[in-house]
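The next block holds one structure in the form of structure tokens; read it before the comments.
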Amino acid sequence: MSIPNPQQLAHTLKEYFGYDRFRPLQEEIITTVFSGKDTMVIMPTGGGKSICFQLPALLLPGVTLVISPLIALMKDQVDGLVANGINAAYLNSSQNSSEQEHIHTQLRNKEIRLLYLAPESLSLFEPMLSEIEVSLIAIDEAHCISAWGHDFRPAYTQLGYLKKRFLNIPIIALTATADKATRTDICTQLNIPDAIPFIASFDRSNLSLEVRPGNKRIEQILNFIKERPKDSGIIYCLSRKGTESLAEKLKVNGIDAAAYHAGIPHEKRAKTQDNFINDTLQIVCATVAFGMGIDKSNVRWVIHYNLPKNIEGYYQEIGRAGRDGVPSATLLFHSYADVVQLQKFADAASNKEIQLAKLDRMKQYADALSCRRKILLSYFGELIQEDCGNCDVCLNPPKFIDGTVIAQKALSTITRIKEQEAISTVIDIMRGSQNATIYDKGYQSVKTYGIAKDISWNDWQQYMIQLINQGYIEIAFHQNNRLKLTTLAKKVLFEGEKISLAKLSEFEKVK
Ligand code: ADP
Ligand code: ZN
């Protein structure tokens, strides 16, 4: 089929979706789809991926198959399309045979433009598919195919057969979350090595970014909500129990909140979600199970009560705020207790190295002393020149001091105790503490014992974190979190290299 001209495309966009213009990349992607080439679309949540296959589906002669991981998500998309006057349907094993037969008939009569299927049901409906003309195959949430991604679904791995089964039918793979390794893996596994990549900007400049130390979280959250008493928001927690106790605490304080996690009975969960979408529930305290496929444009803020396990997840979750482009706030609480917990989870995973590395990047982001948006975007391979002006670091930049002497004290203490201790004991030694560990191990005779009493314990902790982030010290997670020196540290100790550290009174102000 020939490629529709820009006027036709714009006309279809207006007629069926009501939009006056394409968002960045949508038109280029659609034109490439019409040229018959495979495409790989990386666009942030809310970027407008769906139109990239829904619009072609309206103009192509045959059906567009859409592979999508969640049945609930399919239903929402199909309902939305039908409401726009587009004939779409989904097939899954929950339907009875007469429902399926009805769709089958419509397919035969070429009445259906888009057919949604879960990867698990493909083989079940294979006989039906051989009777119909397929023009395009869209694979939504394509990162689910990759064990490198953060949301691996084994059923997705069968999808590689589609390219062989539907020879010459273009495939469009779409995802919001894929670093470079995942992108390559997706294309390899789907047998579309020559897919044309389209990587949209991940910058969501209307979202403010803020990270705070995770102490007195409840108090901080209550104040945060008080400043925006009517705004809808989501609070992500690590555990199911965490969502429930937080929702309880908010309710006790007169705030309209409910918990959401996969362990809550389906009906109640669906009701919570509906109420939130329809603005009759202000706040959802949820695990990451909440939000996939939820199309609510006026979420004004997202809080992470706990540190997420990777940047992909974090970015997807904060991406649920401000889809309408209106300024929206995001707040992440950072605590070392969370880091330790997440390390344990990662340790137990089969792809432990990958997970630990991803967690490390997350931690670096939370500890960052430079523009956070730059760090986020560079994670996704996008480099911006200017600092963003809409993150806490940009708004309250740290002042730097010459930290060489501070660093030398810490590094030489670590050397003298032969890299045997974790952060707290190292600080105790420098501060001349008189606790049992010190005396048991004879650390009171270490040459640097009591060398830095003038710096408070908390400030020391912050300085140590900075030294870790700047790469002078490493934490040996598998050896009781002992601190070790890196080769960079030698330069400071023996070659007179200077170190800058962020002045801590600035941190206090942010807190
Ligand atoms: P994604 O799948 O990338 O998360 P969606 O396809 O659900 O994003 O689109 C996000 C929102 O943006 C939806 O409400 C959609 O209707 C809207 N949208 C998509 N394309 C356009 C456009 N060209 N103009 C205005 N709104 C758009
Ligand atoms: Zn910034």
Side-chain angles (χ1 to χ4, degrees), residues 38 40-41 45 49-50 52-54 56-57 62-82 86-107 112-147 149-166 169-178 182 185-186 189-192 262 266-267 269-270 273 288-295 316:
D38 298 324
M40 167 86 199
V41 174
T45 304
K49 285 186 284 302
S50 317
C52 301
F53 58 85
Q54 289 173 347
V63 166
T64 292
L65 296 184
V66 185
I67 313 296
S68 169
L70 294 178
I71 291 177
L73 203 140
M74 269 180 213
K75 188 174 174 314
D76 289 348
Q77 288 226 1
V78 168
D79 289 349
L81 287 165
V82 171
I86 298 166
N87 199 354
Y90 57 87
L91 276 174
N92 65 48
S93 45
S94 76
Q95 292 159 315
N96 61 36
S97 56
S98 80
E99 282 172 309
Q100 291 180 0
E101 200 38 53
H102 178 63
I103 292 166
H104 194 169
T105 311
Q106 285 184 299
L107 280 170
I112 288 180
R113 301 278 82 225
L114 293 113
L115 180 66
Y116 283 71
L117 286 167
E120 292 85 354
S121 17
L122 265 171
S123 52
L124 189 62
F125 298 107
E126 170 66 27
M128 216 184 270
L129 297 182
S130 36
E131 290 174 34
I132 59 176
E133 179 185 0
V134 174
S135 287
L136 173 64
I137 300 171
I139 301 188
D140 210 1
E141 312 287 352
H143 57 277
C144 294
I145 202 174
S146 175
H150 60 105
D151 195 16
F152 175 56
R153 284 160 197 262
Y156 260 66
T157 51
Q158 334 163 9
L159 298 181
Y161 97 101
L162 286 170
K163 192 69 205 175
K164 298 177 191 153
R165 163 73 175 74
F166 296 96
I169 305 299
I171 288 185
I172 174 170
L174 310 104
T175 174
T177 56
T182 314
D185 197 28
I186 292 173
Q189 293 208 52
L190 288 176
N191 290 315
I192 50 168
H266 179 76
E267 238 167 62
R269 231 186 323 150
Q273 176 171 325
V288 294
F290 183 73
M292 221 194 185
I294 286 182
D295 193 3
Q316 188 159 55

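Side chain of N191 to backbone of G160: a donor-acceptor contact under 3.5 angstrom is found. Here the side chain of K163 pairs a donor or acceptor atom with the backbone of I169 at under 3.5 angstrom. Between the side chain of Q189 and the main chain of Y156, no donor-acceptor pair closer than 3.5 Å is present. Listed for the S146 side chain is no donor-acceptor partner under 3.5 Å among the backbone atoms of H143. The closest donor-acceptor contact from the side chain of Q158 to the backbone of S123 lies at 3.5 Å or more, if one exists at all.
Between I112 and I132, every side-chain heavy-atom pair lies at or beyond the 4.5 Å cut-off. In this structure, L117 and V66 have side chains that are not in contact, with every pair of non-hydrogen atoms separated by 4.5 Å or more. Side chains of N96 and H102 form no contact here, defined as non-hydrogen atoms less than 4.5 Å apart. Within the 4.5 Å cutoff, side-chain heavy atoms of L129 are placed close to those of F166. In this structure, the side chains of P154 and F152 come closer than 4.5 Å at one or more pairs of heavy atoms.
Between L107 and M128 the shortest heavy-atom distance is CD1-SD, 4.1 Å. Among all heavy-atom pairs drawn from S135 and P170, the shortest one is O-CD, 3.5 Å.
Remark: R269 pairs with no residue by the salt bridge (charged side-chain N to carboxylate O under 4.0 Å, His left out) rule, at least two apart or across chains. In this view, E131 and H104, R108 satisfy the side chain to side chain donor-acceptor pair (under 3.5 Å) rule, not counting sequence neighbours. Applying the side chain to side chain donor-acceptor pair (under 3.5 Å) rule to Y116 yields the partners Q54, Q77; only residues at least two apart in sequence or on another chain are considered. Considering only residues two or more places apart in sequence or on other chains, F53 meets the ring-ring contact (aromatic ring centres under 6.0 Å, His included) condition with none of them. Among residues two or more places apart in sequence or in another chain, the salt bridge (charged side-chain N to carboxylate O under 4.0 Å, His left out) test is passed with E120 by none. N87 meets the side chain to side chain donor-acceptor pair (under 3.5 Å) test with no other residue; sequence neighbours excluded.
By the neighbour-count criterion of 12 heavy atoms within 6.0 Å, atom CD of E126 is densely surrounded, having more than that number from other residues, nucleotides or ligands.
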